[in-house]
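Right, one structure below, let's go through it.
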Amino acid sequence: MDFTKLLEITLGAILINNFIFSQFLGICPFMGVSKKMDTAAGMGMAVIFVMGLASAICWVINEFILMPLELGYLQTLAYILVIAALVQFVEMFLKKGMPSLYSALGIYLPLITTNCAVLGAVLINTQNHYNFIESLVYGVTGGIGFLIAIVLFASIREKLRFTEYPKSFEGFPIALVTAALLALAFMGFSGMKIW
């Protein structure tokens, strides 16, 4: 096992090619659920779970079903079905085990199904020809990058409630400015290289 490659995948998914700040995938739940830290953390944990499991399951489906049967053109459809099933599982678990988080996430929980960051992770795994371990690492660390991004953003948005700024920036505009500044900060990682 090449640990340098796994470290490269890990740092790339979390910092360098962060789904939110570099690839601009998953913006809908990022903007919608980031008003409070606890809901942002809950959404981030759900995305880690779904993205990690989806990466593993989709790799198995692609390698042992789609490619041997020459059904590669059905990859996107198969991946969306896997993601939808996983989100249903997470939704049932949260509804039963953590009803307060379930109600706080609201409509954004089922939207993980259409979260382009999750679909993007499994498609990038396929495109980069990652093996099973690399796919799993990329899925989990991509979810960790999503968690870091949404928690950072939520912590800043919570503090913005007590800050003074021009009236024209109230609400969504100040959130967009904040997201843009965070994206600029994450661009500083783009020059990182793993030796």
Does [X] reach the side chain of [Y], with side-chain heavy atoms less than 4.5 Å apart?
| X | Y | result |
| --- | --- | --- |
| I9 | Y130 | yes |
| I27 | F19 | no |
| L6 | E134 | yes |
| T141 | L11 | no |
| L136 | S55 | no |
| T39 | K35 | no |
| I80 | T76 | yes |

### Task
Begin from the C-alpha positions of V122 and L119 and carry the test side-chain contact (heavy atoms from CB on, under 4.5 Å) through to its verdict.
CA-CA 5 Å; V122 294; L119 182 60; 4.1 Å; yes
Heavy-atom closest contact ([X] atom, [Y] atom, distance):
| X | Y | answer |
| --- | --- | --- |
| G143 | M51 | N-SD, 3.3 Å |
| R157 | S34 | NH1-OG, 2.9 Å |
| V90 | A46 | CG1-CB, 4.1 Å |
| S100 | S103 | O-OG, 3.0 Å |
| G142 | A13 | N-CB, 3.6 Å |
| V151 | A41 | CG2-CA, 4.0 Å |

### Message
Test: ring-ring contact (aromatic ring centres under 6.0 Å, His included). Region: residues 145-165. Which pairs qualify, not counting sequence neighbours?
### Response
F30-F153
### Task
Only pairs at least two apart or in different chains count here, so list each salt bridge (Lys or Arg N to Asp or Glu O under 4.0 Å) that has a residue in residues 158-175.
K167-E170
When rounded to the nearest 0.5 angstrom, what distance separates [atom1] in [X] from [atom2] in [Y]?
| X | Y | atom1 | atom2 | value |
| --- | --- | --- | --- | --- |
| I83 | C58 | CD1 | SG | 5.5 Å |
| T178 | M31 | OG1 | CE | 8.5 Å |
| D38 | L101 | CG | CG | 7.5 Å |
| I124 | N17 | CD1 | CG | 8.0 Å |
| T4 | D2 | OG1 | CG | 5.0 Å |
| M43 | K36 | CE | NZ | 14.5 Å |

### Message
Please determine whether side-chain contact (heavy atoms from CB on, under 4.5 Å) holds for the pair I20 and I150, giving the CA-CA distance in whole Å, both sets of side-chain angles, and the decisive distance to 0.1 Å.
### Response
CA-CA 8 Å; I20 298 290; I150 199 167; over 6 Å; no
### Message
Pair W59, N125 - check side-chain contact (heavy atoms from CB on, under 4.5 Å), show working.
### Response
CA-CA 8 Å; W59 184 88; N125 286 336; 5.8 Å; no
### Query
Where does the angle between the aromatic ring planes of F93 and F89 fall among parallel (under 30°), tilted (30 to 60°) and perpendicular (over 60°)?
parallel
### Message
Any donor-acceptor pair under 3.5 Å linking the side-chain atoms of Y138 with those of T10?
### Response
no
### Message
Pairing donors with acceptors under 3.5 angstrom, does anything connect the side chains of N62 and Q75?
### Response
yes
### Message
As a quick check of understanding, evaluate side-chain contact (heavy atoms from CB on, under 4.5 Å) for M92 and Y102, giving each step before the final call.
### Response
CA-CA 9 Å; M92 289 186 309; Y102 174 78; over 6 Å; no
#### Entry: Over 12 foreign heavy atoms within 6.0 Å of CE, M98
no
### Donor-acceptor contact present, side-chain S22 to main-chain I16, <3.5 Å
yes
#### Entry: Verdict with reasoning, Y79 to T126, per side-chain hydrogen bond (donor to acceptor under 3.5 Å, both in side chains)
CA-CA 11 Å; Y79 295 169; T126 304; 2.7 Å; yes
### Query
Are M67 and I61 linked, directly or through other ILVMFWY residues, by side chains that come within less than 4.5 angstrom of each other?
no
